[in-house]
Amino acid sequence: MIRARFAPSPTGDLHVGSASTALASFITAARVSGVNVLRVEDIDTPRVVRGAAARIVEDLHWLGLGWDEGPEAGGVFGPYVQSARTDSYARAIEALQARAMVYPCDCSRAEIAARTTEASAPHGDELVYPGTCRDLPRDREMKRPPALRLRIPDDAMVTFEDGVVGAVTSNVSTQCGDFVLQRGDGLYAYHLAVSLDDLAMQVTDVVRGRDLLSSTARQILLMRLLGARAEEIPRYTHVPLVLGKDGDRLAKRDPRVVVRELRAAGVPAEAILGVLAKGLGIVPDASPRSAKELARIATLPFSGEPFCYDDSALA
Ligand code: GLU
């Protein structure tokens with residue numbers, strides 16, 4: 001049974017980029033009568049916008065991209081909101097600590113930057129950690145509340161087969177080094193939460209935006225270290241990013257790409273879905289279509305090419 005999930009962070013309103021990911025994930029499960037899970041990723045509290053989760057839920061309903069498990073629907077793997085799952089994140093860190101796989105790090109960002117190079121980072125700027133605190137005594141006096149880092153093993157090569165990109169091999173040591181599991185201010189890191197939740201919710205297919213491709217090796221490595229068996233690790237599919245009309249990065253607050261603004265302007269949900277489905281390469285043309293119809297007629301795999309969200313087709 002396919003179990004796909006859409007995992008938005010409620011940091012703003014749903015735009016056509018995230019709607020495209022939601023559609024891709026929905027189609028992956030719905031076309032084979034699988035299960036769609038909606039999970040609200042609200043642990044990065046300073047970035048969370050009040051009311052955004054409820055608005056995203058409403059916009060997804062309006063688009064017809066429903067879910068079988070998640071907020072409102074419930075389900076056996078709940079809660080489906082990360083802020084209600086932090087106990088499991090704390091337990092996982094304790095389990096890794098018991099195996100000496102976690103250490104405190106009181107380096108400032110400037111200190112790390114002075115010793116290293118930029119890494120590719122989907123969630124905030126991240127640097128390749130040079131291992132400064134790896135072997136320092138744990139009971140030393142800390143300069144600031146320490147972050148907790150994962151001591152990654154010497155062999156940190158990860159290979160996986162992406163549903164769009166094909167075979168991907170990354171070395172987590174050179175990609176980011178010992179990465180943070182919990183920040184000095186207590187916030188749990190995205191990679192920890194997402195890996196634990198995808199395992200706990202028995203997700204078989206992670207379908208998400210290409211901007212997250214570089215985080216996958218880290219997540220697979222972490223899942224393995226947390227004891228996941230090979231068959232428990234999801235398949236990953238990174239769908240192309242949606243670009244603005246001019247081919248640039250999507251301006252996420254531009255009313256022409258915000259789903260509820262399009263709705264307020266009278267654009268039908270089916271028109272938006274049709275354009276996105278064409279861009280994702282799962283239908284031959286951009287005719288308006290419902291999510292249900294798309295689940296019936298979509299042909300996979302998804303395209304690998306980024307596409308512009310061209311609203312002139314919707315005029
Ligand atoms: N919550 C993440 C985001 O909105 C997505 C996480 C994921 O799909 O793995 O960027």
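As the structure lists them, so they are numbered: ligands from 1, and atoms in each ligand from 1. Note that this is a predicted model, so its numbers are computed, not measured.
Each of the atoms 7 (C), 8 (O), 9 (O) of ligand 1 lies under 4.0 Å from some heavy atom of R208. Contact atoms of ligand 1 toward R5: 7 (C), 8 (O), 9 (O) (distance under 4.0 Å to a heavy atom of the residue). Below 4.0 Å from some heavy atom of V194 lie the following atoms of ligand 1, by number and element: 9 (O). Those atoms of ligand 1 with a heavy atom of E41 less than 4.0 angstrom away are 1 (N), 2 (C), 5 (C), 6 (C).
For the ligand labelled ligand 1, residue Y190 lies inside the 4.0 Å heavy-atom shell. Residue contacts with ligand 1 leave out Q219, since none of its heavy atoms falls under 4.0 Å from the ligand.
At a 4.0 Å heavy-atom cut-off, ligand 1 does not touch Q82 at all. Under 4.0 angstrom from ligand 1, the non-hydrogen atoms of L212 all belong to its side chain.
Between the side chain of D310 and the main chain of K245, no donor-acceptor pair closer than 3.5 Å is present.
Between Y103 and Y129, the ring planes are tilted. Angles from 30° to 60° get that label.
Counting only N and O atoms by type, the side chains of T28 and R235 include no donor and acceptor under 3.5 Å apart. Between the side chains of T132 and R115, at least one donor N or O sits under 3.5 Å from an acceptor N or O.
Listed by chain and residue number, P137 satisfy the side chain to side chain contact (heavy atoms under 4.5 Å, CB included) test with D139 (two or more places apart in sequence, or in another chain).
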Which atom pairs, donor and acceptor, lie under 3.5 Å between side-chain atoms of residues 83-92 and protein residues at least two apart or in another chain?
{"residue": "S83", "atom": "OG", "partner": "D42", "partner atom": "OD1", "Å": "3.4"}
{"residue": "S83", "atom": "OG", "partner": "D42", "partner atom": "OD2", "Å": "2.7"}
{"residue": "R85", "atom": "NE", "partner": "D197", "partner atom": "OD1", "Å": "2.8"}
{"residue": "R85", "atom": "NH1", "partner": "F77", "partner atom": "O", "Å": "3.1"}
{"residue": "R85", "atom": "NH1", "partner": "P79", "partner atom": "O", "Å": "2.6"}
{"residue": "S88", "atom": "OG", "partner": "R85", "partner atom": "O", "Å": "2.9"}
{"residue": "Y89", "atom": "OH", "partner": "D197", "partner atom": "OD1", "Å": "3.4"}
{"residue": "Y89", "atom": "OH", "partner": "D197", "partner atom": "OD2", "Å": "2.8"}

